[in-house]
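What follows is a single structure, written as C-alpha cells, with notes after it.
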2 protein chains.
Amino acid sequence: MSLEYAILGFLSYGPSTGYDLKRVFDSTVRHFWPADQSQIYRTLNRLGTQGYVGHELVEQEEKPDRKIYHLTEAGREEFLRWLATPHAPDEVREGSLIQVFFAARLPNEEIIRLAELQAEQTRERLQTLEALKPLLEEHAAQIGTRRDVFFWELTLEHGLAMTRAGLKWIESVIRRLKTPGNLPEAD
Amino acid sequence: MSLEYAILGFLSYGPSTGYDLKRVFDSTVRHFWPADQSQIYRTLNRLGTQGYVGHELVEQEEKPDRKIYHLTEAGREEFLRWLATPHAPDEVREGSLIQVFFAARLPNEEIIRLAELQAEQTRERLQTLEALKPLLEEHAAQIGTRRDVFFWELTLEHGLAMTRAGLKWIESVIRRLKTPGNLPEAD
DNA sequence: GCCCTATATAGGACACGTCCTATATAAGAC
DNA sequence: GTCTTATATAGGACGTGTCCTATATAGGGC
C-alpha cells in the first residue's frame with residue numbers, strides 16, 4: 001500500500017520513469033521504505049490499470065523504450081485523500097530482538113560478542129543516515145521546495161533519533177553484561 | 001525465518017501446542033515480532049518435515065485433537081547454531097514517515113492534526129508496552145529462569161526506549177510546526 | 001436470543017516484497 | 001580482457017505474512 005502512495009507522491013512533483021523513481025527512492029525514502037526495482041515497475045503497472053497514472057512512450061534505440069509516467073487527475077486526488085487520512089502505525093518487526101530474548105541460552109562471552117556486533121551495525125547505520133543528508137539536499141534542490149525540504153529532513157531526523165536511541169540501548173546492555181553480578185547465571 | 005527460530009526457542013523451554021504458542025507469543029514477543037495463528041501452525045508443520053520438531057497426538061472429544069510439539073535433538077542444535085550466529089539487521093519500514101515526507105502538500109493545520117494523532121498513537125503504544133510487563137513476568141515465573149527474565153526485560157526496555165524516542169521526535173515536530181516562521185509556506 | 005470468547009487445528013486466497021534472470025550496448029575500472 | 005556500472009523495462013518463482021473461513025461445543029455478556 002505505502003509504496004503505491006510513495007510513487008504517486010513522487011510523481012506529484014512531475015513525470016518520471018520507473019528507472020528514475022528507483023534512484024530517487026534510494027536517495028530519499030530508502031531508509032524508512034526500501035523499494036525493489038522489480039516492485040516499482042509492477043506497482044506502476046497496477047497504478048496504470050487503476051487509472052491513477054498514465055505514461056508516454058519515448059522510443060530509444062539499443063535500449064528499452066522509456067515510459068514516462070505522470071499523475072492523472074484521479075491519481076492526484078487519491079494521493080491527497082490518502083495524505084490527509086490518519087493511518088494505523090506499522091507493526092514493529094525486529095528480528096534481532098528474538099536473539100536477545102533467548103540469549104540466556106548462550107555463554108556470557110558469546111552474548112557480549114553478539115551485542116558488540118550489533119552496536120557496530122548500529123553505528124554503521126548512523127553513518128549511512130548521515131551520508132544520506134547530502135543526497136537528500138541534492139534531490140531537494142532539483143525537485144522540492146523549501147517547504148518540502150523541511151519535511152524531508154524531519155524523516156531523516158527521525159531515523160537518526162531512533163538509531164541513536166537504539167545505540168544507547170545496546171551500549172547500556174553491553175555495560176550491564178560486563179558488570180559482574182548483574183547477569184544471573186544459568187541454573 | 002525469524003518466526004521459525006522463535007518457535008524453536010519457546011519449544012526449548014518444553015513441549016507445547018500451537019494454540020499455547022500463540023498465546024505465549026502474544027504476551028512476550030508480540031511487540032517486536034507479531035505472529036499470526038495461521039502462520040504458527042504452518043510453520044510448526046514445516047519444522048516437522050524438516051525434522052526440527054516432533055509431536056504427540058492427544059485425542060479430545062468435541063474439540064480437534066491436540067498436537068503437543070517438542071524439539072528434536074536436531075532442532076535444539078539448529079536453534080543454538082542460529083542463536084550464536086550474527087545476523088544482518090532487519091530493514092526499517094515505517095509507512096507513517098511517507099506521510100511526513102510528503103506533508104508539505106497539506107495545509108499547516110491539517111499537518112498538526114495528523115502529527116497530534118501520531119503522538120497519541122505513540123502514547124498508546126507506550127501504555128501497551130507497560131501493560132506487557134506483568135504478562136511477561138507471569139510467563140517468566142512459569143517457564144523462564146531468572147537469567148531468561150533478564151533478557152526478556154531487555155527486549156521490553158528496547159521497545160520502551162524506541163517508543164519514547166519516537167514520542168520525543170513527534171512532540172518536537174509538533175512544537176516546531178506550531179512555532180510561527182519555522183515552517184516555510186507553500187510557493 | 002444473539003454475539004463473543006475460549007478451546008484447537010487447518011487450509012484457501014491473496015498481498016507484498018525479494019531474488020534472479022533476460023534484453024542491449026557502451027564506457028570505464030583493474 | 002573481463003568485470004562492473006549505467007541505461008531501461010519486465011516477468012517467473014518464491015518467501016513471508018494476513019485474512020477469512022471451517023469444524024465443534026460451552027459459557028458469559030448485553
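Reckoned from all heavy atoms, side chains included, excluding hydrogens, waters and symmetry mates. All chains are named by letter (A, B, ...) in the order of the sequence lines, taking the proteins before the strands, and each is independently numbered beginning at 1. Please read these numbers as outputs of a predicted model, since none were measured by experiment.
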Distance alone, cut at 3.5 Å: any donor-acceptor contact between the side chains of [X] and [Y]?
X         : Y         : answer
Thr28(A)  : His139(A) : no
Asn108(A) : Arg147(B) : yes
Ser38(B)  : Arg42(B)  : yes

Figure out the [atom1]/[atom2] separation between [X] and [N], and round it to whole Å.
X        : N       : atom1 : atom2 : answer
Lys22(A) : dG17(C) : NZ    : P     : 13 Å
Leu21(B) : dA10(C) : CG    : C1'   : 16 Å
Arg66(B) : dT7(C)  : CZ    : P     : 10 Å
Met1(A)  : dT18(D) : CE    : P     : 16 Å
Asp36(A) : dC14(D) : CG    : P     : 17 Å
Leu3(B)  : dG15(D) : CG    : C1'   : 13 Å
Tyr5(B)  : dT16(D) : OH    : P     : 10 Å
Asp65(A) : dA8(D)  : CG    : C1'   : 9 Å

Worksheet entry | Donor-acceptor contact below 3.5 Å, side chain Thr72(B) vs main chain Gly75(B) | yes
Response to the item:
Checking Tyr19(A), Phe10(A), Phe32(A) against Phe25(A) for ring-ring contact (aromatic ring centres under 6.0 Å, His included), the one that qualifies is Phe10(A)
Worksheet item: Among dT9(C), dT7(C), dC19(D), which nucleotide sits nearest the side chain of Lys67(B)?
Response: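 So the side chain of Lys67(B) is nearest to dT9(C).
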Worksheet item: What nucleotide among dC19(D), dT7(D), dT9(C) has an atom nearest to a side-chain atom of Tyr19(A)?
Response: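 Selected nucleotide (nearest to the side chain): dT7(D).
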Worksheet item: Taking DNA chain D as the partner, which of residues 38-52 of chain B come within under 4.0 angstrom of it by heavy atom?
Response: Ser38(B), Gln39(B), Arg42(B)
Worksheet item: For DNA chain C, whose closest nucleotide is more 5', that of Gln37(B) or that of Glu91(B)?
Response: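 First, find each residue's nearest nucleotide; the 5'-ward one identifies Gln37(B).
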Worksheet item: 5'-most contact on DNA chain C: Arg93(B) or Gly18(B), nearest heavy atom basis?
Response: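 Its nearest nucleotide being more 5', the pick is Gly18(B).
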Worksheet item: Can Glu138(A) and Lys133(A) be counted as an ion pair, charged N to O under 4.0 angstrom?
Response: no
Fill in: Separation of Ile98(A) CD1 from Trp82(B) CH2 (nearest 0.5 Å)
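The distance works out to 5.5 Å.
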